[in-house]
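Here's the structure, in structure tokens; my notes come after.
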Protein chains: 2
Amino acid sequence: MNNELSKSERTRRFILEKTADIFNTKGYAGTSLADLTEATGLTKGSIYGNFANKEDVALAAFDHNLSVVIQAVQERMQQAPTYYQKLFVYSQFYYDSIRTSFPVGGCPILNTAIEADDTNSLLKNRAAKAILSWKKNIVDLIKAGVASGEFRTDVDPDQTALSIIALIEGGIMIARVTNSLTSLDKVLKTVEMLLVQLKV
Amino acid sequence: MNNELSKSERTRRFILEKTADIFNTKGYAGTSLADLTEATGLTKGSIYGNFANKEDVALAAFDHNLSVVIQAVQERMQQAPTYYQKLFVYSQFYYDSIRTSFPVGGCPILNTAIEADDTNSLLKNRAAKAILSWKKNIVDLIKAGVASGEFRTDVDPDQTALSIIALIEGGIMIARVTNSLTSLDKVLKTVEMLLVQLKV
DNA sequence: TCTCAAATATACCATTTGGTATTTTGTTTC
DNA sequence: GAAACAAAATACCAAATGGTATATTTGAGA
């Protein structure tokens, strides 16, 4: 078979697709190898033929979960014409996200950051890089909006970017733990207020 | 011995004081009974004589961690004369909190909410109640400020309260995972901006 | 179609897990 | 000081844990 992907590459992806939700829901420590074999229908031998160890699967599962979210956000963002509307996509995305339970288990960055910040430096670094990349993305959009004359020149891009991320992640935490969709809605209104304040 | 507390009550507290940081750092799933015996110097028999099971210790440890934080906040808040300054205490407290690494492992509400929201309903309920009580506290302060003429009458207490909590918790997550104290500082500036907007 | 490597399954391992029944120790109370 | 009770330690358990060496199967290329 001269397929696009090799056999091992296909099973690697298969394993990640079947286990990514589990890691995101139960966490690294809470997910066992039995969970992985049960979810995939594969055996430990097969999993350890494609991954070095449990941590290696968790790292790849995080990358998988993250890329799925990033892709979904970027698809919407490309269609937004103004920088304000591009930034507004975050608010829209997470408004939908909490309603469709996507991704299963909540935001992988948040989940991984909280569990790993004191226990697993590799996972922690992954989450940290994701946050910094997200922040840079917002900062770049704000700066571009300032350069284009769409936004005020006296804005603090770092503060705004970090506050948007904090509001979203904090809002997700509140909404999920209290089973209250409207809690996130209200927090997202503050995100939108921050965006309005950017405008000239 | 006719002490204030009974023997069992004293060992219960001793166990909680010695293990609260561990649960807050490693999480419920990541903390083993061996961790508990090692930290206390006691044996499993002793721990299970004072608690029904591991979950029971975790629940009590959460209560302990939470009460320590609440007490520290309330002490400062009582000394603040105006409602604005009372609300400002949150910003001050978490500014200090991240610098003194108090509590060890970060915010217990955040940690517990993220781990337990899909895995442990008892712990989840504890975290949810803590969030709702915190929210009510802020809402009450805002409403009192409105009633006293200190704050505007057109404020949305729910939205402001939830946004303050989201900013703080999201900011803690960002700062801890990226090892960046200034990230939290910037997010707290937005909290302060929300407070300023409350004023008449 | 045969071969051979790659992929997967099997069978096993030591250790750790949460938990308990029983014994020992410590503390009151009479 | 002995009896009665509470608290803690000991010794144990089955099950689950992450991981590995080896056997078997599979499938792709010559």
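The shown structure was predicted, so the numbers you read here are calculated from the model rather than taken from an experiment. Letters A, B, ... mirror the listed sequences (proteins, then strands); counts begin at 1.
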> Charged N to carboxylate O under 4.0 angstrom, B:Arg176 versus A:Asp118?
Replying inline: yes
>> Please classify the nucleic acid contact of B:Thr31 as base, sugar-phosphate, or nothing, using heavy-atom distances under 4.0 Å.
In response: sugar-phosphate
>> What's B:Gly49 touching, base or sugar-phosphate or nothing? Going by heavy atoms closer than 4.0 Å.
In response: nothing
> Of the nucleotides C:dG18, D:dG18, C:dT8, which one has an atom closest to the side chain of B:Tyr48?
Replying inline: C:dG18
> Counting side-chain heavy atoms from CB outward, which of D:dG19, D:dT10, C:dG18 is closest to B:Thr43?
Replying inline: D:dT10
> Name the one of A:Lys26, A:Lys44, A:Lys18, A:Lys54 that satisfies salt bridge (Lys or Arg N to Asp or Glu O under 4.0 Å) with A:Asp35?
Replying inline: A:Lys26
>> Please pick, from D:dT20, C:dT17, C:dT8, the nucleotide with the shortest atom-to-atom distance to any side-chain atom of A:Ser46.
In response: C:dT8
> Would you call A:Lys189 and B:Asp158 a salt bridge, using N to O less than 4.0 angstrom?
Replying inline: no
>> Starting the side chain at C-beta, find the nucleotide from D:dA8, D:dG18, C:dG19 nearest to B:Asn53.
In response: C:dG19
> Would A:Asn120 and A:Glu55 count as having a side-chain donor-acceptor pair, cut-off 3.5 Å?
Replying inline: yes
>> Heavy atoms only, 4.0 Å cut-off, all strands: where does B:Ser32 land among base, sugar-phosphate and nothing?
In response: sugar-phosphate
>> Counting the atoms with a prime plus P, OP1 and OP2 as sugar-phosphate, which does A:Ile47 contact under 4.0 Å by heavy atoms, base, sugar-phosphate, or nothing?
In response: nothing
> Side-chain N or O of B:Ser8 less than 4.0 angstrom from OP1 or OP2 on D:dA6?
Replying inline: no
